[in-house]
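Only this structure's heavy atoms are used, side chains among them; waters, hydrogens and symmetry mates stay out.
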Amino acid sequence: MERGWYKEPMPELPEVETVRRGLGQILKDQPAITKIELKRKDLRDPIPVRQVQSLVGAKILSIERRAKYLLLKTSAGTLLSHLGMTGTWRVAPPGDEKDHDHIYLHFSNGLRLAYRDPRRFGCFDFVARDQEQTHPKLKNLGVEPLAKAFTGSDLWQKLRGKETPIKVALMDQKTVVGVGNIYANEALFRAGIRPQTKACKLSRERCERLVGAVKEILAEAIAAGGSSINDYVQASGDSGSFQKSFRVYDREGEMCETCHTRVSAQVLGGRSSFWCPSCQK
DNA sequence: AAGTAGTCCTGAGTGC
DNA sequence: TGCACTCAGGACTACT
């Protein structure tokens, strides 16, 4: 496999947003849930089986996203789905059953959606109508990266006094949600900031540039996914249509495409970090 | 209290 | 070829 290219769609925020749009298209006629098959009672966390089952009969009103969580909203409550590392939703007609299919959602329009997640890093939970702000998985989430509220001065404020590397801070969901390891590396490259720079040392100007880079990269990735929405939520969800190229991620020792300096790597906060020693200061 | 390390899981990749 | 081993990642917990 050519380095710097990803074969499997790894669900970061743009992929989750793409799945949200795909599911929205598929469920736009607001079908009722006729059956929920839970092949197991836990993924990363236990699944609240009784609460989940209480939504049988409810209609899917809309699909929303908060951070990397998908919210399947009904008038009786919300199903919350996190794809973890390897989670996928696909339309699964009769006969389309695979290993690691953990959940089947049946709908009144005859559709069956399958959730497959080999590593089970994802989760599936229930959110009561009045718990959107207080649910344990939702209550501590920071600002959305694409929201107007996420600005350079907002970031600068949050980083004050933080000795931790900027990349670790950027991946902290209390700073901003939805920026995973790949996009944290890529955004820092685009902003010209070394990942190990102490968060509190960034000037307002550099915070501004970093926020801009995060927004640009996420928006570009979402736009790229927009043309392949259907591939994502189809039986052939492994079409590989979501290949992406990276400037530094997973390119240790390769030449930076901008300046031909070799890309460096170091573990920060337990995650692989990559940067160009020449382009990033 | 902020910061670090460990945990979960499986498949892909690597080395002998 | 086949086995043993390492690694990847998000979000959370448990420590210092």
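Note on A:Gly270: nothing from the nucleic acid sits closer than 4.0 angstrom, heavy atoms only.
A salt bridge links A:Glu132 and A:Lys73; the closest N-O separation between the charged side-chain nitrogens and carboxylate oxygens is under 4.0 Å. Between A:Glu186 and A:Arg247, no side-chain nitrogen of the basic residue sits less than 4.0 Å from a carboxylate oxygen of the acidic one, so the salt-bridge criterion is not met. Classification of A:Arg40 and A:Asp117 as a salt-bridged pair fails, no side-chain N sitting under 4.0 Å from a carboxylate O. Under the 4.0 Å criterion applied to side-chain N and carboxylate O atoms, A:Lys137 and A:Asp45 are assigned as salt-bridge partners.
Atom CG of A:Leu13 and atom P of C:dA11 are 10 Å apart (whole Å). Atom CG in A:Asp45 sits about 12 Å away from atom P in B:dC9, given to the nearest Å. Across the protein-nucleic acid pair, A:Asp250 atom CG and B:dG13 atom P stand 11 Å apart, rounded to whole Å. What separates CG of A:Asp172 from P of B:dT4 is a distance of 12 Å, to the nearest Å. Atom CG in A:Leu268 sits about 14 Å away from atom P in C:dG10, given to the nearest Å. Rounded to a whole Å, the CG atom of A:Asn185 is 10 Å from the P atom of C:dG10. A:Arg40 has its CZ atom 10 Å from the C1' atom of B:dC9, to the nearest Å. Going from atom CG of A:Leu83 over to atom P of C:dA8 covers 22 Å, rounded to whole Å.
Residue A:His100 has a polar side-chain atom (N or O) positioned under 4.0 Å from OP1 or OP2 of B:dG11. For the pair A:His82 and C:dG10, the criterion of a side-chain N or O lying under 4.0 Å from OP1 or OP2 is not met. Distances shorter than 4.0 Å separate some side-chain N or O of A:Thr164 from OP1 or OP2 on B:dT4. Using a 4.0 Å cut-off, some side-chain N or O of A:Lys68 falls inside it from OP1 or OP2 of C:dG10.
In the set B:dC9, B:dT7, B:dG3, the nucleotide with an atom closest to the side chain of A:Arg120 is B:dC9. The side chain of A:Lys137 sits closest to C:dC12 out of C:dC12, C:dG10, B:dG3. The A:Ser272 side chain lies nearest to C:dA8 when the options are B:dG3, C:dA11, C:dA8.
When each of A:Lys162 and A:Arg271 is assigned the nucleotide of DNA chain B bearing its nearest heavy atom, the one mapping closer to the 5' terminus is A:Lys162.
Side-chain N/O atoms of A:Arg44 and base N/O atoms of C:dG10 include no donor-acceptor pair closer than 3.5 Å. The base of C:dA8 sits within donor-acceptor range of the side chain of A:Arg119, with an N or O pair under 3.5 Å.
Looking at A:Gln53, its side chain does come within 3.5 Å of a backbone N or O of A:Ile36 through a donor-acceptor pair.
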